[in-house]
Amino acid sequence: MKRIFTKEVIIGFCVAIAILILCFGIEFLKGINLFRPANFYVAQYENVSGLEVAAPVLIDGFKVGQVREINFNYENPGKIEVLLALNKNLHLPSDSKALIGSTLLSGSFVEIKLGSSQEMLPVGGVVESGMSPDLMSSLSDEILPAVSSIMPQIDSLLLSVNRLASDPALVASIKNLETITANVSSASRNLDVLMERQVPGLIRGANEAVVNLDSITANLTLLSSELNRLPLKETMQNVNGLTGNLVKFTSNLNNPNSTLGELTQDSELYDRINRLTADIDSLILDIKKNPKRYISIKLL
């Protein structure tokens, strides 16, 4: 009987299995799981620059599928068909859109914008497509015109800066600033030395002043207690009585009807006293000139 599993058949069978494993391995490395059930939809684009097979399909940043195939439609030139494999449980409203977006690091992706229609797109149907504005296009459309309008102002600013930098007064000011900085550094060092030398003495003086202040406070306390022991009430009564007597004496001096008032305010008495004083002066002068007239000395 002829053998069926000859050496050649076994080798061919092993090669076929190896090819199958290689195909599935390549798809697995691409991120495509052939054994996972999915719903397929088609999107047509005019440009798929940067989009590759196994690129993620996202809804609000969450991955719901991947790109399974990218084919050029030869029957309708200018259209590129992209086969989207989405989660089996995901059904797309008929007005949904599949937009191609891109990032600087992770490349391109397909973002599904779910519509609000109640009618669902059949599996295998064509999803409305479009392009999401990427960073580079935003730079080209928005930032670059603004930069172009600013460039003349930047040129004027650079020209003004160059003129200012070449101004000799600025160079002189910088040198003066260096001199001032050096002076400030020297003053700071001198201040540090002064602080090291003088601060301990100042602290000792402050401590001595505090001690003296404590002594003065104690003396003031003692003085206050001594003052509290003095008979201030009697002293004030005596002062008040003396003040009253002075007031009474002053009023008597000013009163022309009193004895003191008559003595101080009587002009005739004043004149008599003046004449008496003049007569006494004349008598004294006459006694000095003629002492024998008034003094008689007899010798026995």
*Asks:* What distance separates Asn212 CG from Asn219 CG, expressed to the nearest 0.5 Å?
*Replies:* 10.5 Å
*Asks:* Return the CG to OH distance between Leu86 and Tyr41, rounded to the nearest 0.5 Å.
*Replies:*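 Interatomic distance, Leu86 CG to Tyr41 OH, rounded to 0.5 Å: 6.5 Å.
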*Asks:* Applying side chain to side chain contact (heavy atoms under 4.5 Å, CB included) between Ser186 and each of Asn190, Val184, Asn183, report the one that passes.
*Replies:*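 That would be Asn190; it is the only one of Asn190, Val184, Asn183 passing the side chain to side chain contact (heavy atoms under 4.5 Å, CB included) with Ser186.
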*Asks:* Hey, any chance Ile80 and Val53 share a hydrophobic cluster, counting ILVMFWY side chains that come within less than 4.5 Å of each other, even indirectly?
*Replies:*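 Ile80 clusters together with Val53.
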*Asks:* At what distance, to the nearest 0.5 angstrom, does NZ of Lys79 lie from CZ of Phe72?
*Replies:*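 So the gap between those two atoms works out to 11.0 Å.
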*Asks:* I need the Ile100 CD1 to Ser129 OG distance, nearest 0.5 Å.
*Replies:* 7.5 Å
*Asks:* Output all residues satisfying side chain to side chain donor-acceptor pair (under 3.5 Å) with Glu111, sequence neighbours left out; order by chain, then residue number.
*Replies:* Lys113
*Asks:* So, the side chain of Thr217 versus the backbone of Leu213: is there a donor-acceptor pair under 3.5 Å, distance only?
*Replies:* yes
*Asks:* Tell me if a side-chain donor or acceptor on Ser215 pairs with a main-chain N or O of Val211 at a distance below 3.5 Å.
*Replies:*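 Checking the backbone N and O of Val211 against the side chain of Ser215, no donor-acceptor pair under 3.5 Å is found.
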*Asks:* Should Val110 and Val42 be regarded as members of a common hydrophobic cluster, given that ILVMFWY residues are connected when their side-chain heavy atoms come within less than 4.5 Å of each other, either directly or indirectly?
*Replies:*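 Different clusters: Val110 never reaches Val42 through Ile, Leu, Val, Met, Phe, Trp or Tyr contacts under 4.5 Å.
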*Asks:* How far apart are the closest heavy atoms of Val127 and Ser96, and which atoms are they?
*Replies:*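 So the minimum-distance heavy-atom pair works out to CG1-O, 3.8 Å.
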*Asks:* Under 3.5 Å, side chain of Thr181 to main-chain N/O of Leu177, donor-acceptor pair present?
*Replies:*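 Pair found, side chain donor or acceptor close to backbone of Leu177.
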*Asks:* What is the distance from atom CE of Met120 to atom CG of Leu90, rounded to the nearest 0.5 Å?
*Replies:*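 Reported value, rounded in 0.5 Å steps: 9.5 Å.
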*Asks:* Decide if atom CG of Asp60 counts as having more than 12 heavy atoms of other residues, nucleotides or ligands within a radius under 6.0 Å.
*Replies:*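 Result for CG/Asp60: open.
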*Asks:* Ignoring hydrogens and geometry beyond distance, is a side-chain donor-acceptor pair present between Asn73 and Glu75 at under 3.5 Å?
*Replies:* no
